[in-house]
Structure formats: C-alpha cells, structure tokens
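Everything on this sheet refers to the single structure shown next.
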2 protein chains.
Amino acid sequence: MSAATSDGTVAKALEVLDLVAGHGRPVRFSDLLEQSPYPKATLYRLLQTLVSQRMLAFDPDRASYSPGIRLVRLAHVAWQQSSLAPIARPYLDQLSAEVGETVHLAQLDHAQVLYVDKRNARDPVHMYSQAGKVGPAYCTGVGKAMLAHLPQERLPEVLAQQSWHPFTPKTVTTPEAMRAELEQIRARGFAFDDEEHEPGIICVALPILSSRGAVLGALSVTSTTARTSLAALEELVPRIQSIAQTIAQETETWRFPEEDKTQPRKRA
Amino acid sequence: MSAATSDGTVAKALEVLDLVAGHGRPVRFSDLLEQSPYPKATLYRLLQTLVSQRMLAFDPDRASYSPGIRLVRLAHVAWQQSSLAPIARPYLDQLSAEVGETVHLAQLDHAQVLYVDKRNARDPVHMYSQAGKVGPAYCTGVGKAMLAHLPQERLPEVLAQQSWHPFTPKTVTTPEAMRAELEQIRARGFAFDDEEHEPGIICVALPILSSRGAVLGALSVTSTTARTSLAALEELVPRIQSIAQTIAQETETWRFPEEDKTQPRKRA
DNA sequence: AAAATAAGTTTCAAATAGTGAAACCTGCAA
DNA sequence: TTGCAGGTTTCACTATTTGAAACTTATTTT
C-alpha cells in the first residue's frame, strides 16, 4: 500500500488519490488526515491540486472528496491499451459459454491480482463495474498461476509483499510452503485454488505467457465444491490452455499499425 | 487542452499522462517530446516518475509508453462513485429495451461531453470500452442539453473552449447562435441534434437535473434520418424525461450508509 | 448567548524538489 | 571510422513544496 515514499510530489498526490479511491465512498478531509502521513496543510494542498485537476471531485454540501471524472477518461484508454481485456473478450465469451461457470481474466499489479474482466455463470453481461477489483495473489488461482511463472529474481520481493492472512483453514500462509507449491504449479502448468480464499470456492487457473515466457496474465474457471470438484475442473485444462495460448499469440501479434507520419495529428 | 499551466508538478505529470493516453497506442519518447512543451530532461523525468508509479507502462522492447495498470484500478472506483452510470444502469436498460435505439448517458468534463454509458440498438451488451469516450459539447444533443442548464456565469468560459469546427453543414459554429439555441432548449426542456455532428445522425437529449437545477448529466436517444425523424423522436421526450427525473432523484437519495466508526478499518 | 471545541484555510520563512542547457552515452547507418 | 538520432545523466540555479502555527469559520456545550 504505502509504496515508494521516495518519489516526490507526484507520488504523494497519487498516494492521496489512492487513499480517496480506496474508500469507496466520499471522504471528508479529517478522515483523510488521520490516514495519511502528511500534515494538515500539505494534505490540504494536495487535495486542492487534485480537485483543480479534476482527478478528484469535491462536494461542498457534504464536504467530501470522491474520485473525479478525469479518471474515467484516462481509464478508458488504460483499459483498451494496457489490459488484456479487449483482446481476450471474444475468447472469454466463448469459454464462458462452453463451461457455464464463472470465468476470470486477471493481471498482476504490483504484488496483487487485478481482475480485468469476468464472465458470470448466470449473467453473462460484461460489466465494467465487476472488473477493476483487486485480490491477494497467494491464495487465488490466478494469483498463484502468475507467481509461478514470475522471473526468479522478482519472486522474493513479491512474496514479501503478501499478507499471508489465513482466509480459510486451507490457505497457504508461509512463503516457504508457497515456493514449493509454485514449483509444482510451474511443472504441471496450472494452478488450483482449493478453498484457499473462500470456503466452498474452488478454481483452476492457467497463466497467459508470452512466447518468451513472460507472465502476461491468467485465466481461471471458478466454481463451488457443491457443484463440482477439482478433478472435474482439471478436465477443463486443455480447453483453457488453448484459449490462453490464443490470447497470448494475439497479444504479441497485434502490433499497432504503422503510424501515418505524413500528416501531423490535430486535436479539436 | 493545455489547461492550467499554473498548477505545479502534479499538473505537469498529469498533462503528460493525458498526452500518452490521448495517443491511443504506445508512444515513443521523441513523439512525446515534439508534442509536449517541456524540455527533454523534464519530460524524461516526468515519464520516469509516472512509470515508477505504474500510471504508465514502459515497454523496453518497443521503447514506448502506454497507460499503466494502476489507472485501471483507480478507474473502477471512479466509475462506481463519480459517474451516474451505476445508478442509471437499470433505467438505461429499460429505455433501451423500450425504444430499441441507441441510448447515451453523458456527463460534462471540463468543456467536453464524456459518454459514461451507452446502449446499442442491436447489441445491448454494456461494454466499458464503449464508454469513456469524449465528444464536443456544442454539436451533440447531450452536450447542448447540458450547456443549456449551466449556471450563467460558467457559460462564457465553456463556450470559449469549444472548437466550433463545422463537422457538417448544419453545425452551429458561433457562440452567439449557440446562446440563442440554448435559450430555446432551456425553455422547451430538451435538445435535438439535427445532423450537427455527423450527417444522417439525429437525436433527442434531455438534461438530468438535480432538485436545485444543477446539471448532473444528460440522456439521449439517437437514430438516423433513414430510420426516423426529429418529430418522431420528440414523441419519446416524456418517457426520457421521466427516466431522467428518476435518475436524478436516485442520485440525490442515495446517500452512502452511515459508516461504522466503532471499528477502525483494516487493510490486507 | 457566550464559551469551548472541532473542522477547515491561510501564511511565510526554510528546505526541498524540480528545472533544463549541455554533456554524455549507445547503438546504428553511412 | 565518423556521424547522427534517440535517449540518459549531470549539476548549478530556481521555483515549488513544506509544515508549524496562526487564523477562520462551523458546531457543540454550558
């Protein structure tokens, strides 16, 4: 959470932005003051700057701050360009239709899992509000699938940033145990989540890897112990595998078309 | 575009962020250099900061910058809290089903129209990538509907920021003409777009107003001259009106539930 | 109604962080 | 080898940021 305390004013402003966004509701100045390491005046000025930049919105009636509309704009582009979601969309639809279970597409952000897209078993409508959530890496299928294929040198750092909170009795709670499991996951090519995050919830997950082996993201099919078993989910592996590969290929293939440099671009 | 050249480092960093995002594709350093007002070293450092903050991603192979994954995270919250989209969703679905035409939900960002949600006549799936786009205010139905209800004192500034580009022969291209039309729109309560942005495209739009008359957003139904007429669209006004009112009411009603202050919140 | 307390805003000298011209790399092409 | 474009680093100079404290409202309390 705290991240780099080193970077400068921009980092501070962004930290405040995260703080406001992290609340999930409008926040008042004094609440922020409690939670931020900055003195009153500094925080006050940072907030002012963010508001004047429309990254935050201030509601004078309720005297509270919320994320601003400019973020929505930026987000559109980030989503389109920096996530696998647009490329993976048709394949998620396909997979979802085939297996009829919840499907997740995730990427790694810092040391956490960021769900960038999702298909629900019952309601296959793709809603943005269902993506964008973050989750722990050490106790989710997609998380472990990605950790297993991280470059060796990054692993210690990332493992150190996990909370190792025992969500369920089955949660793996030590880096050592995790390393062993990751080894296994790497060897067999897929990961399970055996009720490690929520009781009754199980899943199979596969990494999406570039041709050079870099982790691009992960794909998972989730269900419940009431409806199915790990063994049954394992049967889906080849299908998920093939889709993961297709997505990886498309990601690498889809270079942006050559820019037309004859005309300088204009803006309204 | 240039906005406040006054604000400080944060503003500069955000301007660079916009610049990268505005490209819609990975951009190289030298391209950015051309387009930004900053000297090499400054731009370089700003980019470094943004990358280290994960607001931008740098691809070493292609030596280019793209919007970063942290934006996607922030976006989720911004979308949920700072746009009318989540509240309006069911009503958009309803309206879309009833009229069978394209429906837009927009808000005003700076002096531009930001589409925060959309329903398509054919494909009613709600995809994030279709929202988040921006458009001009002076030649779209939603734009004019919102401008018409802006506080008097803000109007000159906002009108001054329009490009007045004549997209079609029917585009209104002067602030004076626009003022007259806005008067009319305010009086009758709704706006048309009579092929002012794209030939063949017409729409009716209504503002979404708070109980105190503040502009919250706008709602429109769009079609083509081939399929319908302005007169026919006008018949939808009462229905759209009622939905706009419902959305406004819900927005004002939906205060966040009282926070439980007995327990300090924790974070994994 | 006055006093007390809390919540939010402004000030200003000191400290820090940001600036950008210019020098310096580093591949790549001639 | 030389030239050169794209990119990175340096460093003295400057402007911005900092935060304790003083100051203004609002909100309670007595």
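These numbers come from a predicted model, not from an experiment. Sequence lines set the chain letters: A, B, ... in the order given, protein chains first and strands last, and positions in each chain run from 1.
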Please determine if a side-chain N or O atom of [X] lies less than 4.0 Å away from the OP1 or OP2 oxygen of [N].
| X | N | result |
| --- | --- | --- |
| B/S30 | D/dG7 | yes |
| A/K12 | D/dT18 | yes |
| B/T9 | D/dT17 | yes |
| A/Y44 | C/dT9 | yes |

Atom [atom1] of [X] to atom [atom2] of [N]: distance rounded to whole Å?
| X | N | atom1 | atom2 | answer |
| --- | --- | --- | --- | --- |
| B/Y65 | D/dG6 | OH | P | 14 Å |
| B/R28 | D/dG7 | CZ | C1' | 11 Å |
| A/Y38 | D/dT17 | OH | P | 14 Å |
| A/Q48 | C/dT11 | CD | C1' | 14 Å |
| B/K40 | C/dA23 | NZ | P | 13 Å |

Check every atom of C/dG8, C/dT11, D/dG7 against the side chain of A/A63 and return the nucleotide holding the closest atom.
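Between C/dG8, C/dT11, D/dG7, the one nearest the side chain of A/A63 would be C/dG8.
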Return the orientation label for the B/Y44 and B/F29 ring planes: parallel under 30°, perpendicular over 60°, tilted otherwise.
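Judged by the thresholds at 30° and 60°, the geometry between B/Y44 and B/F29 is perpendicular.
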Would you call the rings of A/Y65 and A/F58 parallel, tilted or perpendicular, taking 30° and 60° as the class edges?
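The arrangement is tilted - the two ring planes meet at 30° to 60°.
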Hey, does A/T42 reach any base, or is it just sugar-phosphate, or nothing, if we go heavy atoms under 4.0 Å?
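Touches a base.
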Taking all atoms of both residues into account, what is the closest heavy-atom pair of A/A88 and A/L105, and its distance?
CB-CD2, 3.6 Å
Among B/M146, B/K144, B/Q107, B/K133, find the one that has a side-chain contact (heavy atoms from CB on, under 4.5 Å) with B/V113.
B/M146
Toward the 5' end of DNA chain C, which comes first, A/R45 or A/F29, by nearest nucleotide?
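On the 5' side of the pair lies A/F29.
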